Amino acid sequence: MKSNVGGIDRVLRIVLGLLLIALAATGTVGAWGYLGLLPLLTGLVGWCGLYRVLGINTCPLRK
């Protein structure tokens with residue numbers, strides 16, 4: 001798996017994922033907030049399956 005998620009994209013995914021998980025844990029948004037695990041994991045790993053399917057690459061080192 002080659003990285004296809006770049007710097008700013010990764011940071012935004014991690015922040016969004018953590019925010020959704022925190023909101024779900026406090027009961028603010030309900031259980032669907034745990035879907036924040038998906039952007040969190042793709043941000044940490046640096047690879048997104050949907051980007052692969054759509055041919056998107058935001059990683060400057062792998063273009």
Side-chain angles (χ1 to χ4, degrees):
M1 284 187 315
K2 294 182 180 180
S3 293
N4 63 1
V5 179
I8 293 174
D9 193 5
R10 288 181 82 169
V11 171
L12 290 175
R13 287 170 181 259
I14 292 169
V15 169
L16 178 65
L18 289 173
L19 179 64
L20 283 172
I21 293 167
L23 290 172
T26 61
T28 305
V29 295
W32 67 269
Y34 287 109
L35 289 175
L37 286 171
L38 186 61
L40 177 62
L41 291 175
T42 58
L44 292 173
V45 174
W47 185 83
C48 176
L50 184 59
Y51 272 17
R52 168 100 168 136
V53 170
L54 297 175
I56 299 171
N57 185 351
T58 61
C59 184
L61 300 176
R62 304 281 186 197
K63 285 191 175 182

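Note: hydrogens, waters and symmetry copies are ignored here, and every other heavy atom, side chains too, is used. Model, not experiment: these values are computed from the prediction.
Rounding to the nearest 0.5 angstrom, the gap separating the CG atom in Leu37 from the OG1 atom in Thr42 is 10.5 Å. Considering CG of Leu20 and OH of Tyr34, their distance stands at 11.5 Å, rounded to 0.5 Å. Note that CG of Leu54 and SG of Cys48 are 8.0 Å apart. Values are rounded to the nearest 0.5 Å. Annotation: the span from Leu23 atom CG to Leu18 atom CG amounts to 11.0 Å, rounded to 0.5 Å. Here the straight-line distance linking atom CG of Leu16 with atom CG of Leu38 works out to 10.0 Å at 0.5 Å rounding. Rounded to the nearest 0.5 angstrom, Ile14 CD1 and Leu41 CG are separated by 10.0 Å.
When all heavy atoms of Arg52 and Trp47 are compared, the pair lying nearest together is CB-CZ2, 4.2 Å. The nearest pair of heavy atoms linking Ala24 to Gly30 is CB-O, 3.4 Å. Residues Pro60 and Gly6 share a closest heavy-atom pair of CD-CA, 4.3 Å.
Other residues sharing a hydrophobic cluster with Val11 under the 4.5 Å side-chain heavy-atom criterion for ILVMFWY residues are Val15.
Counting heavy atoms of neighbouring residues, nucleotides and ligands inside a 6.0 Å radius, atom CD1 of Ile8 does not exceed 12 of them.
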message: Between Asn4 and Ile56, is the side-chain contact (heavy atoms from CB on, under 4.5 Å) condition met? List the steps.
response: CA-CA 7 Å; Asn4 63 1; Ile56 299 171; over 6 Å; no
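At distances below 3.5 Å, not a single donor-acceptor pair connects side-chain atoms of Arg13 with backbone N or O atoms of Leu40.
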